J.: 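Have a look at this one.
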Amino acid sequence: MKNYSKIIDGWFSEICPMWQGISLSLKIDKVLYSNKSKYQQIDLFETTNHGKMLVLDGIIQLTQSDEFAYQEMLAHVPLFAHPNPETILVIGGGDGGILREAGRHKGIKQIDFCEIDEEVINVCKKFLPEMACGFDDPRVTVHVCDGNEFVNQHKNQYDVIIVDSSDPIGPGEALFEEPFYKGLKGALKKDGLIATQGESFFMHKDCVINLAKITKRLFPIQGYSYFLVPTYPGGNIGICLGSLGPKLNQPNRPVSDEFQEQLKYYTPEIHEASFVLPYFAKKMLDEA
Ligand code: SPD
(Lines give C-alpha, C1' and ligand atoms only; values in the text may rest on other atoms or scores of the structure.)
Protein backbone atom coordinates (compact mmCIF):
# COMPACT_ATOMS: atom_id res chain seq x y z
CA MET A 1 0.00 0.00 0.00
CA LYS A 2 1.21 3.53 -0.71
CA ASN A 3 2.57 5.15 2.41
CA TYR A 4 1.58 8.84 2.65
CA SER A 5 2.75 9.45 6.21
CA LYS A 6 5.74 11.69 6.80
CA ILE A 7 8.32 12.61 9.42
CA ILE A 8 9.07 16.35 9.33
CA ASP A 9 11.22 18.10 11.96
CA GLY A 10 10.97 15.06 14.24
CA TRP A 11 7.14 14.84 14.03
CA PHE A 12 5.49 11.76 12.52
CA SER A 13 2.23 12.68 10.75
CA GLU A 14 -0.23 9.87 9.97
CA ILE A 15 -1.61 10.74 6.52
CA CYS A 16 -4.07 8.40 4.81
CA PRO A 17 -6.80 8.67 2.13
CA MET A 18 -9.16 6.95 4.62
CA TRP A 19 -9.17 10.13 6.72
CA GLN A 20 -8.67 12.94 4.25
CA GLY A 21 -7.67 16.42 5.39
CA ILE A 22 -6.91 15.45 8.98
CA SER A 23 -3.82 13.94 10.55
CA LEU A 24 -2.45 13.10 13.98
CA SER A 25 1.19 14.02 14.63
CA LEU A 26 3.40 12.59 17.34
CA LYS A 27 6.89 13.78 18.26
CA ILE A 28 9.50 11.11 17.62
CA ASP A 29 12.75 10.66 19.58
CA LYS A 30 14.16 7.64 17.78
CA VAL A 31 13.52 5.14 14.98
CA LEU A 32 13.94 1.74 16.67
CA TYR A 33 13.12 -0.42 13.63
CA SER A 34 12.27 0.23 10.00
CA ASN A 35 12.00 -2.47 7.36
CA LYS A 36 9.77 -3.63 4.53
CA SER A 37 8.49 -7.16 5.14
CA LYS A 38 6.97 -9.39 2.46
CA TYR A 39 3.61 -7.69 3.17
CA GLN A 40 4.16 -4.16 4.45
CA GLN A 41 6.45 -1.42 5.75
CA ILE A 42 7.02 -1.98 9.50
CA ASP A 43 8.20 0.95 11.66
CA LEU A 44 8.71 1.05 15.39
CA PHE A 45 9.33 4.50 16.89
CA GLU A 46 10.20 5.78 20.34
CA THR A 47 7.89 8.79 20.72
CA THR A 48 8.67 11.65 23.07
CA ASN A 49 5.45 11.44 25.10
CA HIS A 50 3.51 8.29 24.16
CA GLY A 51 6.00 5.47 24.54
CA LYS A 52 6.85 3.15 21.68
CA MET A 53 4.63 3.27 18.60
CA LEU A 54 4.08 0.52 16.00
CA VAL A 55 3.29 1.78 12.48
CA LEU A 56 2.39 -0.46 9.51
CA ASP A 57 2.43 1.06 6.01
CA GLY A 58 2.39 4.50 7.63
CA ILE A 59 -0.67 3.79 9.84
CA ILE A 60 -0.47 3.84 13.65
CA GLN A 61 -1.32 0.41 15.07
CA LEU A 62 -0.64 1.18 18.71
CA THR A 63 1.21 3.34 21.17
CA GLN A 64 2.20 2.19 24.64
CA SER A 65 0.23 5.11 26.10
CA ASP A 66 -3.25 3.88 25.12
CA GLU A 67 -3.00 0.35 23.64
CA PHE A 68 -4.71 -1.03 26.76
CA ALA A 69 -8.02 0.61 25.80
CA TYR A 70 -8.19 -1.07 22.39
CA GLN A 71 -6.79 -4.47 23.41
CA GLU A 72 -9.01 -4.73 26.51
CA MET A 73 -12.22 -3.76 24.69
CA LEU A 74 -11.62 -5.89 21.58
CA ALA A 75 -10.83 -8.88 23.81
CA HIS A 76 -13.13 -8.57 26.83
CA VAL A 77 -16.36 -7.33 25.20
CA PRO A 78 -16.72 -10.55 23.12
CA LEU A 79 -15.15 -12.84 25.72
CA PHE A 80 -17.42 -11.66 28.55
CA ALA A 81 -20.43 -11.66 26.20
CA HIS A 82 -19.90 -15.41 25.82
CA PRO A 83 -21.04 -17.45 28.84
CA ASN A 84 -18.20 -19.99 28.64
CA PRO A 85 -15.53 -19.43 25.95
CA GLU A 86 -13.22 -22.44 25.81
CA THR A 87 -11.84 -22.45 22.27
CA ILE A 88 -11.06 -19.14 20.62
CA LEU A 89 -9.40 -17.82 17.48
CA VAL A 90 -7.58 -14.50 17.20
CA ILE A 91 -6.83 -13.25 13.68
CA GLY A 92 -4.30 -10.42 13.27
CA GLY A 93 -2.68 -8.36 16.00
CA GLY A 94 0.88 -9.59 15.66
CA ASP A 95 1.82 -7.43 18.66
CA GLY A 96 0.24 -10.06 20.94
CA GLY A 97 -1.89 -7.59 22.93
CA ILE A 98 -5.19 -9.37 22.28
CA LEU A 99 -3.54 -12.66 23.28
CA ARG A 100 -2.34 -11.04 26.51
CA GLU A 101 -5.90 -9.96 27.32
CA ALA A 102 -7.53 -13.24 26.23
CA GLY A 103 -5.06 -15.13 28.41
CA ARG A 104 -6.61 -13.52 31.51
CA HIS A 105 -9.72 -15.73 30.96
CA LYS A 106 -8.72 -18.88 32.81
CA GLY A 107 -11.65 -20.89 31.40
CA ILE A 108 -10.20 -20.68 27.88
CA LYS A 109 -8.51 -23.97 26.96
CA GLN A 110 -7.25 -23.28 23.44
CA ILE A 111 -6.24 -20.07 21.67
CA ASP A 112 -5.45 -20.34 17.96
CA PHE A 113 -3.69 -17.28 16.62
CA CYS A 114 -3.41 -16.48 12.95
CA GLU A 115 -1.20 -13.67 11.60
CA ILE A 116 -0.06 -13.23 8.02
CA ASP A 117 3.16 -11.32 8.72
CA GLU A 118 5.66 -13.16 10.92
CA GLU A 119 7.97 -10.15 10.91
CA VAL A 120 5.40 -8.12 12.89
CA ILE A 121 5.39 -10.86 15.55
CA ASN A 122 9.19 -10.90 15.72
CA VAL A 123 9.53 -7.10 15.91
CA CYS A 124 6.95 -6.92 18.72
CA LYS A 125 8.59 -9.77 20.64
CA LYS A 126 11.82 -7.77 20.53
CA PHE A 127 10.51 -4.25 21.22
CA LEU A 128 7.12 -4.64 22.92
CA PRO A 129 7.55 -7.53 25.39
CA GLU A 130 4.70 -6.33 27.64
CA MET A 131 2.30 -7.02 24.74
CA ALA A 132 4.11 -9.94 23.12
CA CYS A 133 3.99 -11.78 26.48
CA GLY A 134 0.67 -13.05 25.08
CA PHE A 135 2.69 -15.46 22.93
CA ASP A 136 4.16 -17.15 26.04
CA ASP A 137 0.76 -18.55 27.04
CA PRO A 138 0.94 -22.36 26.58
CA ARG A 139 -2.68 -22.36 25.32
CA VAL A 140 -1.63 -20.29 22.27
CA THR A 141 -0.81 -21.95 18.93
CA VAL A 142 0.60 -19.55 16.32
CA HIS A 143 -0.35 -20.06 12.67
CA VAL A 144 1.51 -17.80 10.25
CA CYS A 145 -0.99 -17.70 7.41
CA ASP A 146 -3.84 -15.81 5.75
CA GLY A 147 -6.82 -15.44 8.12
CA ASN A 148 -9.27 -15.77 5.26
CA GLU A 149 -7.88 -19.17 4.26
CA PHE A 150 -7.58 -20.28 7.90
CA VAL A 151 -11.27 -19.78 8.74
CA ASN A 152 -12.37 -21.65 5.65
CA GLN A 153 -10.32 -24.66 6.75
CA HIS A 154 -11.72 -24.71 10.34
CA LYS A 155 -15.46 -25.36 10.47
CA ASN A 156 -17.56 -25.25 13.69
CA GLN A 157 -14.56 -25.00 16.02
CA TYR A 158 -14.63 -21.73 17.95
CA ASP A 159 -16.72 -20.18 20.72
CA VAL A 160 -15.33 -16.71 20.02
CA ILE A 161 -13.36 -15.28 17.08
CA ILE A 162 -11.62 -11.92 17.44
CA VAL A 163 -10.25 -10.10 14.39
CA ASP A 164 -7.62 -7.48 15.21
CA SER A 165 -7.03 -6.20 11.70
CA SER A 166 -5.30 -3.16 10.33
CA ASP A 167 -7.39 -0.86 8.14
CA PRO A 168 -9.13 -2.01 4.92
CA ILE A 169 -6.24 -0.92 2.73
CA GLY A 170 -3.20 -3.15 2.22
CA PRO A 171 -3.04 -6.70 3.65
CA GLY A 172 -6.17 -6.17 5.81
CA GLU A 173 -8.55 -5.36 2.94
CA ALA A 174 -10.15 -8.80 2.50
CA LEU A 175 -10.94 -8.89 6.23
CA PHE A 176 -13.66 -6.25 5.69
CA GLU A 177 -15.53 -8.17 2.99
CA GLU A 178 -18.53 -10.51 3.15
CA PRO A 179 -16.74 -13.74 2.07
CA PHE A 180 -14.44 -13.41 5.09
CA TYR A 181 -17.41 -12.88 7.43
CA LYS A 182 -19.08 -15.98 5.96
CA GLY A 183 -15.88 -17.86 6.77
CA LEU A 184 -15.93 -16.51 10.33
CA LYS A 185 -19.53 -17.62 10.79
CA GLY A 186 -18.70 -21.08 9.44
CA ALA A 187 -15.77 -21.43 11.86
CA LEU A 188 -18.02 -20.75 14.90
CA LYS A 189 -19.60 -23.38 17.13
CA LYS A 190 -23.39 -23.33 17.51
CA ASP A 191 -23.63 -20.42 19.97
CA GLY A 192 -20.43 -18.67 19.02
CA LEU A 193 -19.76 -15.01 18.38
CA ILE A 194 -17.33 -12.79 16.52
CA ALA A 195 -15.83 -9.35 17.14
CA THR A 196 -13.89 -7.48 14.47
CA GLN A 197 -11.99 -4.19 14.35
CA GLY A 198 -14.83 -1.87 13.28
CA GLU A 199 -13.19 1.51 12.54
CA SER A 200 -14.82 4.83 13.56
CA PHE A 201 -18.34 6.06 12.79
CA PHE A 202 -16.98 9.61 12.68
CA MET A 203 -14.12 8.90 10.29
CA HIS A 204 -15.13 5.85 8.25
CA LYS A 205 -18.92 5.97 7.80
CA ASP A 206 -19.07 3.84 4.64
CA CYS A 207 -16.90 1.16 6.16
CA VAL A 208 -18.95 1.01 9.39
CA ILE A 209 -22.23 0.86 7.43
CA ASN A 210 -20.85 -1.92 5.25
CA LEU A 211 -19.74 -3.97 8.28
CA ALA A 212 -23.18 -3.51 9.88
CA LYS A 213 -24.91 -4.62 6.67
CA ILE A 214 -22.74 -7.74 6.42
CA THR A 215 -23.18 -8.77 10.06
CA LYS A 216 -26.95 -8.11 9.93
CA ARG A 217 -27.23 -10.37 6.89
CA LEU A 218 -25.25 -13.19 8.50
CA PHE A 219 -25.99 -13.13 12.26
CA PRO A 220 -29.27 -13.20 14.21
CA ILE A 221 -27.75 -10.84 16.80
CA GLN A 222 -25.53 -7.95 15.78
CA GLY A 223 -24.02 -5.01 17.64
CA TYR A 224 -21.50 -2.18 17.53
CA SER A 225 -19.43 -1.09 20.51
CA TYR A 226 -17.18 1.98 20.53
CA PHE A 227 -14.61 3.49 22.85
CA LEU A 228 -11.78 5.99 23.17
CA VAL A 229 -8.27 5.51 21.83
CA PRO A 230 -6.57 8.93 21.56
CA THR A 231 -3.94 7.88 19.02
CA TYR A 232 -6.41 6.38 16.51
CA PRO A 233 -8.04 8.61 13.85
CA GLY A 234 -10.61 10.82 15.54
CA GLY A 235 -9.59 9.48 18.96
CA ASN A 236 -12.13 6.66 18.86
CA ILE A 237 -12.65 3.23 17.31
CA GLY A 238 -15.36 0.58 17.33
CA ILE A 239 -15.85 -3.14 17.14
CA CYS A 240 -18.42 -4.87 15.02
CA LEU A 241 -19.99 -7.94 16.63
CA GLY A 242 -22.13 -10.80 15.41
CA SER A 243 -23.58 -13.58 17.56
CA LEU A 244 -25.29 -16.90 16.89
CA GLY A 245 -26.75 -16.99 20.43
CA PRO A 246 -25.48 -14.90 23.36
CA LYS A 247 -26.59 -11.31 23.88
CA LEU A 248 -23.74 -8.96 23.11
CA ASN A 249 -24.38 -5.73 24.96
CA GLN A 250 -23.73 -6.93 28.49
CA PRO A 251 -21.35 -9.37 30.18
CA ASN A 252 -22.84 -12.86 30.40
CA ARG A 253 -20.74 -13.83 33.43
CA PRO A 254 -19.37 -11.92 36.41
CA VAL A 255 -16.10 -10.00 36.28
CA SER A 256 -14.32 -10.95 39.52
CA ASP A 257 -12.52 -8.31 41.61
CA GLU A 258 -9.27 -10.13 40.91
CA PHE A 259 -9.90 -9.95 37.16
CA GLN A 260 -11.02 -6.31 37.30
CA GLU A 261 -7.87 -5.27 39.16
CA GLN A 262 -5.72 -6.41 36.20
CA LEU A 263 -7.49 -3.99 33.83
CA LYS A 264 -7.42 -0.27 33.11
CA TYR A 265 -10.35 0.35 30.72
CA TYR A 266 -12.92 -2.48 30.59
CA THR A 267 -15.59 -2.73 33.29
CA PRO A 268 -19.06 -4.34 33.09
CA GLU A 269 -20.52 -0.80 33.01
CA ILE A 270 -18.22 0.25 30.14
CA HIS A 271 -19.22 -2.95 28.30
CA GLU A 272 -22.89 -1.93 28.36
CA ALA A 273 -22.24 1.77 27.80
CA SER A 274 -20.05 1.12 24.77
CA PHE A 275 -23.12 -0.12 22.84
CA VAL A 276 -25.05 3.11 23.50
CA LEU A 277 -24.37 5.14 20.37
CA PRO A 278 -24.69 8.87 19.60
CA TYR A 279 -27.99 9.54 17.79
CA PHE A 280 -26.48 9.96 14.30
CA ALA A 281 -24.47 6.75 14.65
CA LYS A 282 -27.46 4.81 16.01
CA LYS A 283 -29.58 5.95 13.03
CA MET A 284 -26.76 5.14 10.62
CA LEU A 285 -26.44 1.60 11.99
CA ASP A 286 -30.20 1.01 12.45
CA GLU A 287 -30.75 1.96 8.80
CA ALA A 288 -27.87 -0.18 7.50
N1 SPD B 1 -6.41 2.77 12.30
C2 SPD B 1 -5.63 1.70 12.91
C3 SPD B 1 -6.44 0.56 13.42
C4 SPD B 1 -5.51 -0.49 13.97
C5 SPD B 1 -6.18 -1.66 14.52
N6 SPD B 1 -5.28 -2.75 14.88
C7 SPD B 1 -4.31 -2.43 15.85
C8 SPD B 1 -3.52 -3.59 16.33
C9 SPD B 1 -3.29 -3.53 17.79
N10 SPD B 1 -3.26 -4.80 18.39
Side-chain angles (χ1 to χ4, degrees), residues 1 3-5 12-20 22-26 39-45 50-78 90-103 111 113-117 119-121 123-125 127-135 140 142 147 162-173 175-176 195-208 211 225-240 264-266:
M1 183 202 121
N3 182 344
Y4 297 88
S5 296
F12 168 88
S13 291
E14 185 193 47
I15 299 168
C16 178
M18 268 189 79
W19 42 94
Q20 285 188 11
I22 190 166
S23 157
L24 178 73
S25 297
L26 288 98
Y39 297 98
Q40 56 207 333
Q41 173 65 35
I42 304 174
D43 293 298
L44 207 286
F45 300 107
H50 297 81
K52 290 180 192 139
M53 173 167 77
L54 175 67
V55 175
L56 299 180
D57 278 342
I59 307 301
I60 299 170
Q61 300 302 309
L62 59 88
T63 69
Q64 283 178 317
S65 67
D66 57 11
E67 56 87 17
F68 65 90
Y70 176 80
Q71 324 265 31
E72 286 185 20
M73 290 299 278
L74 182 52
H76 302 312
V77 169
V90 177
I91 297 174
D95 51 87
I98 298 295
L99 297 178
R100 176 193 68 198
E101 294 307 316
I111 306 176
F113 173 71
C114 177
E115 161 68 53
I116 198 164
D117 194 343
E119 196 165 328
V120 175
I121 301 177
V123 171
C124 294
K125 281 187 175 170
F127 293 101
L128 299 167
E130 78 284 7
M131 277 163 246
C133 62
F135 291 106
V140 172
V142 176
I162 298 171
V163 183
D164 179 9
S165 65
S166 45
D167 297 310
I169 35 180
E173 200 169 342
L175 306 188
F176 288 77
T196 63
Q197 194 268 91
E199 300 293 355
S200 158
F201 47 65
F202 276 107
M203 310 295 283
H204 316 113
K205 288 192 177 63
D206 292 346
C207 177
V208 174
L211 292 179
S225 146
Y226 83 106
F227 41 91
L228 307 173
V229 184
T231 57
Y232 282 163
N236 67 92
I237 197 162
I239 53 185
C240 183
K264 292 202 268 189
Y265 195 102
Y266 179 90

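Numbering of ligands and ligand atoms starts at 1, following listing order. None of these values were measured; they are calculated from a predicted model.
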J.: Does the E72 side chain pair with the main chain of K264, one donor and one acceptor, at a distance under 3.5 Å?
T.: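 Yes, the answer is positive, given that a donor and an acceptor are paired below the 3.5 Å cut-off.
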J.: What salt bridge (Lys or Arg N to Asp or Glu O under 4.0 Å) pairs are there with at least one residue in residues 52-63, not counting sequence neighbours?
T.: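 The answer is none; no pair qualifies.
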J.: So is D164 polar-close to ligand 1, meaning N/O to N/O under 3.5 Å?
T.: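 Yes; the residue has a nitrogen or oxygen that sits under 3.5 Å from a nitrogen or oxygen of the ligand.
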J.: If the condition is ring-ring contact (aromatic ring centres under 6.0 Å, His included), which residues does H204 pass it with, not counting sequence neighbours?
T.: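 H204 satisfies ring-ring contact (aromatic ring centres under 6.0 Å, His included) with W19 only.
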J.: So do the side chains of Q61 and V120 get within less than 4.5 Å of each other, counting heavy atoms only?
T.: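 No. Closest side-chain heavy atoms not under 4.5 Å.
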J.: Could you tell me whether some N/O pair between Q71 and ligand 1 is separated by less than 3.5 angstrom?
T.: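 Such a contact does occur with ligand 1.
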J.: Minimum distance, heavy atoms only, to atom 9 (C) of ligand 1: which one of I60, D95, V90 is it?
T.: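 It is D95 that holds the nearest heavy atom.
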J.: Using only atom types and a distance under 3.5 Å, with no angle test, would you say the side chain of D66 pairs donor to acceptor with the backbone of T231?
T.: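 Pair found, side chain donor or acceptor close to backbone of T231.
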J.: Which atoms of ligand 1 are found less than 4.0 Å from any heavy atom of D167?
T.: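 Result: 1 (N), 2 (C), 3 (C).
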J.: With backbone taken as N, CA, C and O and side chain as the heavy atoms from C-beta onward, which portion of M131 lies under 4.0 Å from ligand 1: side chain, backbone, both, or neither?
T.: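 None of M131 does.
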J.: Around atom 4 (C) of ligand 1, find the nearest protein heavy atom and jot down its residue, atom name and distance.
T.: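 Nearest neighbour among protein heavy atoms for atom 4 (C) of ligand 1, to 0.1 Å: Q61 OE1, 3.4 Å.
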J.: If the test is ring pair (Phe, Tyr, Trp, His ring centres under 6.0 Å), which one of Y266, Y232, Y226 qualifies with Y70?
T.: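 Passing option: Y232.
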J.: Which residue from C16, S166, S165 reaches closest to atom 5 (C) of ligand 1 through any of its heavy atoms?
T.: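 That would be S165.
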